[in-house]
Peer 1: 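Below is a structure I'd like to ask you about.
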Amino acid sequence: DRAYFQKDGYARVYIESSDPFNRIRKYGIVNKEGKEIIPTKYHKIYFFQNEIAPFSINNGKGIFYGLIHISGKIILEPSFRSIESLIENSDKEVIWSASYYDKEEKRVLIKVLSSDGKEISDLRFHQIKPFIDGVAYARTSHTALWGQIDKSGKWYLEPTYKSLSGIIPKVETKKKYVYELN
């Protein structure tokens with residue numbers, strides 16, 4: 001009976017199954033005029049950035065994530081364990097992290113994707129933090145060491161640190177930061 005419009009100008013709506021013992025919600029999107037623009041058939045639809053949002057489905061084997069355009073067109077098929085934005089509150093630039101289970105390495109790894117869901121880098125990570133000032137902390141899966149990546153998914157600061165907590169940028173020298181411990 002109410003629609004709460006989010007910062008992206010759209011409202012998430014849902015329908016709910018009538019089974020009181022197994023309530024299942026299916027989400028969709030309506031615009032400010034109340035017109036359904038994405039049908040109510042998804043497990044969840046998250047915030048749009050640059051007209052693209054992560055969404056999830058439950059295919060009976062688990063919940064998988066993909067990317068959907070505001071038009072309803074699926075940009076990236078739901079095959080990932082999670083998808084998150086690495087650049088907060090941006091309508092111009094979006095970089096996604098997408099986690100998946102790698103059968104060869106037998107562990108969850110993370111890919112870095114462009115706003116339209118294409119891979120930016122061949123590097124795989126164990127963990128990535130959001131971008132701040134054009135770089136993001138990233139931890140490799142092989143060595144478990146931390147470094148920084150730039151927006152092209154390349155190492156800006158090689159992964160040689162056991163921890164980057166408590167390290168802050170001091171001065172910029174030739175596009176590289178010099179670090180000082182707190």
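Side chains are part of it too, since the values below use all heavy atoms of this structure and drop only hydrogens, waters and symmetry mates. Numbering starts at 1 and runs along the sequence shown. None of these values were measured; they are calculated from a predicted model.
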Peer 1: Out of curiosity, Lys154 NZ to Leu123 CG, how far, rounded to the nearest 0.5 Å?
Peer 2: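 These two atoms lie 8.5 Å from each other.
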Peer 1: Do the side chains of Ile74 and Ile57 join up, straight or via other hydrophobic residues, at under 4.5 Å, putting them in one cluster?
Peer 2: yes
Peer 1: Taking Lys35 first and then Glu33, would you say they form a salt bridge - that is, a charged N and a carboxylate O separated by under 4.0 Å?
Peer 2: no
Peer 1: Quiz question: by atom type and distance under 3.5 Å, do the side chains of Arg139 and Tyr161 form a donor-acceptor pair?
Peer 2: no
Peer 1: May I have the step-by-step check of side chain to side chain donor-acceptor pair (under 3.5 Å) for Asp150 and Ser152, ending in yes or no?
Peer 2: CA-CA 5 Å; Asp150 62 19; Ser152 67; 2.6 Å; yes
Peer 1: Only one of Ser82, Ser114, Ser85 forms a side chain to side chain contact (heavy atoms under 4.5 Å, CB included) with Trp96, so which one is it?
Peer 2: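 Per the side chain to side chain contact (heavy atoms under 4.5 Å, CB included) rule, the option paired with Trp96 is Ser85, out of Ser82, Ser114, Ser85.
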Peer 1: Using 0.5 Å steps for rounding, measure from the CD1 atom of Ile70 to the CD1 atom of Ile75.
Peer 2: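 The distance works out to 11.0 Å.
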Peer 1: Evaluate the side-chain proximity of Phe131 to Ile149: yes if any heavy-atom separation is below 4.5 Å, no if none is.
Peer 2: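 Ile149 reaches Phe131 side chain to side chain.
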Peer 1: So do the side chains of Lys129 and Trp146 get within less than 4.5 Å of each other, counting heavy atoms only?
Peer 2: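 Side chain of Lys129 against side chain of Trp146, heavy atoms only: contact under 4.5 Å found.
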Peer 1: Measure from the ring center of Tyr65 to the ring center of Phe80 and say whether it is less than 6.0 Å.
Peer 2: no
Peer 1: Could you state the interatomic distance from CG (Leu109) to CD (Gln127), rounded to the nearest 0.5 Å?
Peer 2: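 Between Leu109 CG and Gln127 CD, I get 12.5 Å after rounding to 0.5 Å.
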Peer 1: Any side-chain heavy atom of Ile128 sitting closer than 4.5 Å to one from Leu86?
Peer 2: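 A side-chain contact under 4.5 Å exists here.
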Peer 1: Could Arg124 and Glu119 be called an ion pair, given the rule that one side-chain N must be under 4.0 Å from one carboxylate O?
Peer 2: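 Looking at Arg124 and Glu119, the cut-off is met.
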Peer 1: Return the minimal non-hydrogen interatomic distance between Val94 and Gln49, and the atom names on each side.
Peer 2: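 Heavy atoms of Val94 and Gln49 come nearest at CG2-CB, 3.6 Å.
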Peer 1: Start with the C-alpha gap between Ile87 and Lys151, add the side-chain angles, then the distance that decides, and say whether side-chain contact (heavy atoms from CB on, under 4.5 Å) holds.
Peer 2: CA-CA 10 Å; Ile87 299 179; Lys151 290 181 180 177; 4.1 Å; yes
Peer 1: Would you confirm whether the ring centroid of Tyr27 sits within less than 6.0 angstrom of the ring centroid of Tyr42?
Peer 2: no
Peer 1: Do NZ/NE/NH1/NH2 and the carboxylate oxygens of Glu16 and Lys26 come within less than 4.0 Å?
Peer 2: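 Result for this pair is no, no salt bridge flagged.
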Peer 1: Locate the shortest heavy-atom distance separating Val108 from Ser99; write the atom from each residue and the value.
Peer 2: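 Result for this residue pair: CG1-CB, 3.8 Å.
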Peer 1: Please report the interatomic distance CZ(Phe64) to CZ(Phe55), rounded to the nearest 0.5 Å.
Peer 2: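 It is 12.5 Å, given to the nearest 0.5 Å.
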Peer 1: Determine whether more than 12 heavy atoms belonging to other residues, nucleotides or ligands lie under 6.0 Å from atom CG of Asp122.
Peer 2: no
Peer 1: Any side-chain heavy-atom pair from Asp102 and Lys106 closer than 4.5 angstrom?
Peer 2: no
Peer 1: Any chance you could measure His69, atom NE2, to Asp116, atom CG, to the nearest 0.5 Å?
Peer 2: 10.5 Å
Peer 1: Look at the side-chain heavy atoms of Ile, Leu, Val, Met, Phe, Trp and Tyr, link any pair under 4.5 Å apart, and say whether Ile45 and Ile37 land in one connected group.
Peer 2: yes
Peer 1: Quick one: are Ile68 and Ile29 in side-chain contact, heavy atoms under 4.5 Å?
Peer 2: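 They are not in contact (no side-chain heavy atoms under 4.5 Å apart), so the answer is no.
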Peer 1: Does Arg12 form a side-chain contact (heavy atoms from CB on, under 4.5 Å) with Tyr14? I'd like the steps, not just the answer.
Peer 2: CA-CA 7 Å; Arg12 276 124 202 88; Tyr14 66 87; over 6 Å; no
Peer 1: Hydrophobic clustering (ILVMFWY, side-chain heavy atoms < 4.5 Å, transitive) - are Ile63 and Tyr46 grouped together?
Peer 2: yes
Peer 1: Hey, any chance Val112 and Leu145 share a hydrophobic cluster, counting ILVMFWY side chains that come within less than 4.5 Å of each other, even indirectly?
Peer 2: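 As far as the 4.5 Å side-chain criterion goes, Leu145 and Val112 are not connected within one cluster.
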Peer 1: Applying the 4.5 Å side-chain criterion to the ILVMFWY set and letting contacts propagate, would Ile95 and Trp155 be lumped into a single cluster?
Peer 2: yes
Peer 1: Does Asn22 offer a backbone N or O that forms a donor-acceptor pair with the side chain of Ser17 under 3.5 Å?
Peer 2: yes
Peer 1: Look only at the side chain of Ser121 and the backbone of Gly153, and say whether a donor-acceptor pair between them is shorter than 3.5 Å.
Peer 2: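 Looks like yes, one N/O pair under 3.5 Å.
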Peer 1: Tell me, do Ile83 and Leu67 make a side-chain contact under 4.5 Å, heavy atoms counted?
Peer 2: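 In short, these two side chains touch, coming nearer than 4.5 Å.
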Peer 1: Does the ring of Tyr100 carry Arg81 above it, NZ/CZ under 6.0 angstrom from centre and within 45° of its axis?
Peer 2: no
